[in-house]
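To start, the structure itself, in structure tokens.
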Amino acid sequence: MTAVAPTPSAASKAQEPQRTQKTPKKQAGSVEADQRGKPPSSPGVLRRLTDRADGVSIGWRLLALVAVAAVAIPVAASLWGSGSWPSALTYDVRAPLERLDAWIVDNRESHWVFLYFLLHISNNTQYAVDGVFAFLDGLGWVGVTVAAVVVAWYAGGANLGRRALRTAATALGTFAVIGLLGMWEPAMDTLALMIVAVAASAALGAVLGLLSGVSDRCEKLLRPVFDTMQVMPAFAYLLPFVLLFGVGVPSALIATVIYAAPPMARLTALGLREADPAVLEASASLGSNPWQRLWTARLPLARKQMLLGLNQTIMMSLSMVVLASVIGAGGLGDAVFKALARVDVGQALAPGIAIVLIAVWLDRTTAAAGARLDDTSSSGPVSRARAWAGRAGALAAVAVAAAVGSVVGRDWPVNWTVSISAPINTAVTWVTERIDAGLPLVGGTLVWSENFARWVLNPLRDGLQGAPWWLLLLAVAALALLTGTWRTALTATAALAAIGVMGLWSGSLDTLSQVLAALVLTLALGFAVGVLAARVAWVERAIRPVLDVMQTMPQFIYLIPVVALFNASRTAAIIAAVVYALPAVIRITTQGVRQIDPGALESARSMGASPLQQLRQVQLPLARPALLLAVNQGVVLVLAIVVIGGMVGGGALGYDIVYGLQKSELDVGLTAGVAIVCLGVVLDRITQPAAARRPGGR
Amino acid sequence: MNTRRIRTTLVAGASALGMTVLSACGAAETNISASDGIVTIAIPSWVGAEANAAIAKHILEKELDIRTKIIQMDEPVAWDALSTGKVDAILEDWGGVPKKEKLYIEEKKTVVPGGDLGVVGHIGWFVPKYFADEHPDVTHWKNLNKYADELRTTESDGKGQILEGSPSYTTHDDAIIKNLGLNLKTVYAGSEAAQITQIRKYVKNKEPFLSYWWTPQWLNAEVEMVEVELPPYTEGCDADPEKVACAYPELPLQKFLNAGFAEKGGEAAEFIKNLHWSTEQQNEVAKWIASDGMSSERAAEKWVKENRDTWEKWLPKGD
């Protein structure tokens, strides 16, 4: 469900700007090309800004649209009426899906597709995960901790430098706290599943990335696939996998691979395409054939991007592995769910903290490896003998620890655990009871919730649902035309029409009203905080850990506090979405505002511009590409969490998806998932200028 | 041409590899258990079910020395798992998936009934006691329209709200509302956690509410609720989901076992078939877990220590 991978701050400062700047690229397929070719401060942006000022072509296009509408709409309205989506124009997609569902259930144990193909996949993933788990179990808690510390230390440079020691300490702290919280066993379940999932996603991602990196046609073919994979709510495709592969580890693993492979593929492709042409030319002039060029020049040059891709893949696998516990994958996610069943936030927080720590540990380790890559490339090759000696030493340390572990016992000692449940619950109750109602002047969250629903959500939803269907299509076409081209307008209109054809018109508009409200809130807050953080250094330092936690903590944990504060309602769903989407928007805004050309800012300052003028007339216009990217990410993330909204009273499409999965009704869940993707396409096309999509387009 | 050659080679290589992998092995096993020798029990997301599984696990592990694993999944998913053998038993079925029940028991014969659990479940419409005390006539469905205004929220479109829980629970409420001509609207909290939090919130502020609710439920020990009388349940009145206009039945909860496990599961299978306890007993353990903050293992240990008479009868007779 996360479309943006959690991005805890990197260990090294050198890595950080690079990372955050690249992070968004992989989800924002549409904006990628623009970012790649033109950094925010390049003159191209300015030219585009002025380009947009000429209203002539836009005026003509709108006129043409009006002409088309003047002919088409009266015909359509007289044929099918002017209310909600006409039933004559729907196509029953549910019946075939139901038949497919029934066919799978009937043939799961006999058809050759299962016997000779799918079941092999599912059995082998099961064996692989069981094997890794047995290995971790065999190492015992001492062994696993030492192994993690050694790997982290090795990634940090395998010396006594600050980076290596800090990475190692992070690993040690992570596992100690997991043990202390009594989460050792579920954490090992999750880790075993993660290891296999990351290996598979990285391999698949690298292969797909290689294909789309060397061939334009493959890239064109694969990009929409990656986009869909990331906007489609994971809940919607968990069910088909459960049907195909049964509940438990195999489905969880395959869903995770599908979800986590795109960033690896995208960044690999990006790395291959970005290769310095001079180096390739030199390589070619030395007489190397394409294969040699690929292996000796392009892949090594792409190494850094690939490592960044791996980092993203790891983070996304982690969030998906947690989610997959709804289909019986076990582990930390299961612990969260069990605690939720008894409405115990404190108990759900323990596995939540374990998940955040695992994310931080893995992020720091891969980030340290990335930073080391920079060092070695500048300081020359290390002697092979020394490298091997280091590896042997590390292996020996793990072996000794494992031996010690089997003496001490394999499970974390029971009396070395602390329970945080009671104090956390008391604190959460105390806070929610203070701010939910009866605050002087401002009211309280319950009052806000009610007013928000009454004065914003209800009119918006009723307005959308009450508008004639052709008017909405026309409005979308016009909006898309204003920012884009005929082609984007056509895509957006077709996506909206597809929703109507599937028979989900009214539910989707309900969801759309919630998504719009959440989006406006997220962007307003995100831009404000982001700009503030870009201008005031301590603010950024202070919010960074908060953003890390917001991005990695499983969303299920804040279900209960959100309901306690805002009642089970659409407002609660919107708040959950804002909490989820805000960190990415803040990060991208901060990055964008900060990275503008210092020269432009300096000249504005020297001409006597006040801070506000600097912001409005220099920083914001120059950061426009980054702000557009933030909007794109806001759309993707808000849509991705519509499902969680369904679990706190949001209803509409989110509820349909949860219903489809829990009642195992493929037709309900999958169509609602497709409708969410369509909404994503509509929103993307009407918010992203065509210029941002195709740099050479105009 | 260069890139094309690389691409062709990659594609050819990948497909060759794929073919080898596939042809190397024959038909796959259709039924691999996640872990052999371990009994796996699936529980839905409510605490009563956790209590069943916790005592079963405790006795299986401590008395019979059989390792037991509990995983949480929703009813429909658990039925699929029960059929494939990924799950060996479910202890508390509310009859929410009649289609799967028929398919797996009668047609595929992969699942067998395991008898009554002893606990009787009942779904209904409930109002809090303070609301019923104030307005005694609210407990009859004919008077509900009178209170629609008081039950209205921002989510209920001007009608009275009936709070619903998780989408996975069995409900005919939309049909009942329509067929009885009530001025109510179902509002889905979306999960049991959200529903319970919402109910607690209402109770704290002494606000009136109407909710889809059920017994046994541990929250009933904390919040006193009164059932609203619906037209009485008669056999078959809920046969057509569109035409339901009656109350929910009293439901003796059922155990189900994977067919292979029932046959070859030995002592573990026999024990699970024998397991039988009362609603009060389940409620007691559930309350320890849910409101007293005891871990399910500790609660099970405590109950097992205090109730030897009850569970001794469940042990396989062979010994």
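Lettering follows sequence order; numbering is per chain, from 1.
- Once rounded to the nearest 0.5 Å, the distance linking CZ of A/Phe337 with CG of B/Asp74 reads 8.5 Å.
- In this structure, the side chains of B/Thr197 and A/Val343 come closer than 4.5 Å at one or more pairs of heavy atoms.
- For A/Ser325, the part sitting under 4.5 Å from any heavy atom of chain B is the backbone (N, CA, C, O) and nothing else.
- Proximity of B/Asp157 to A/Arg461: side-chain heavy atoms (C-beta onward) are separated by under 4.5 Å at one or more points.
- Using a 4.5 Å cut-off between heavy atoms, B/Trp79 does not touch chain A at all.
- Annotation for B/Arg200: atom CZ counts as buried by contact number, over 12 foreign heavy atoms lying within 6.0 Å.
- Looking at A/Leu446, the atoms closer than 4.5 Å to chain B (heavy atoms on both sides) all sit in the side chain, from C-beta outward.
- In this structure, B/Lys86 and A/Pro250 have side chains that are in contact, with non-hydrogen atoms separated by less than 4.5 Å.
- Contacts with chain B were tallied for A/Gly646, A/Gly651, A/Gly654; A/Gly646 has the most, counting heavy-atom pairs under 4.5 Å.
- Heavy-atom minimum distance, A/Ala568 versus B/Glu155: O-CG, 4.1 Å.
- Atom-to-atom distance recorded for A/Gln662:CD and B/Met73:CE is 13.0 Å, nearest 0.5 angstrom.
- Residue B/Glu101 places its CD atom among more than 12 non-hydrogen atoms of other residues, nucleotides or ligands, all under 6.0 Å distant.
- There is no contact between A/Asp344 and chain B, counting heavy-atom distances below 4.5 Å.
- Counting heavy-atom pairs closer than 4.5 Å to chain A, the top residue among B/Glu75, B/Lys108, B/Glu192, B/Lys99 is B/Lys108.
- Between chain B and the residues A/Leu661, A/Val129, A/Ile560, A/Leu457, the most heavy-atom pairs under 4.5 angstrom are made by A/Ile560.
- Taking NZ of B/Lys204 as the start and OG1 of A/Thr429 as the end, the distance is 9.5 Å to the nearest 0.5 Å.
- Summarising the geometry, atom CD belonging to B/Gln72 is positioned 9.0 Å from atom CG belonging to A/Leu340; distances are rounded to the nearest 0.5 Å.
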| request: List the steps and the verdict of salt bridge (charged side-chain N to carboxylate O under 4.0 Å, His left out) for B/Glu50 and A/Lys338. | output: CA-CA 9 Å; B/Glu50 199 179 336; A/Lys338 276 191 187 149; over 6 Å; no
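- Put simply, CZ on A/Phe566 and CD on B/Gln198 are 13.0 Å apart, with the number rounded to the nearest 0.5 Å.
- Within a 6.0 Å radius of NZ in B/Lys159, other residues, nucleotides and ligands contribute 12 heavy atoms or fewer.
- For the options B/Tyr202, B/Tyr188, B/Trp218, heavy-atom pairs under 4.5 Å to chain A are most numerous at B/Tyr188.
- In terms of heavy atoms, B/Thr154 sits closest to A/Glu450 at CG2-CG, 3.4 Å.
- With respect to chain A, the highest number of heavy-atom pairs below 4.5 Å among B/Ala194, B/Ala78, B/Pro44 belongs to B/Ala194.
- Here the closest non-hydrogen pair linking A/Lys663 and B/Pro76 is CA-CG, 3.5 Å.
- Using a 4.5 Å cut-off between heavy atoms, B/Val77 contacts chain A through both its backbone and its side chain.
- With a threshold of 4.5 angstrom between heavy atoms, B/Leu103 approaches chain A through side-chain atoms but not through N, CA, C or O.
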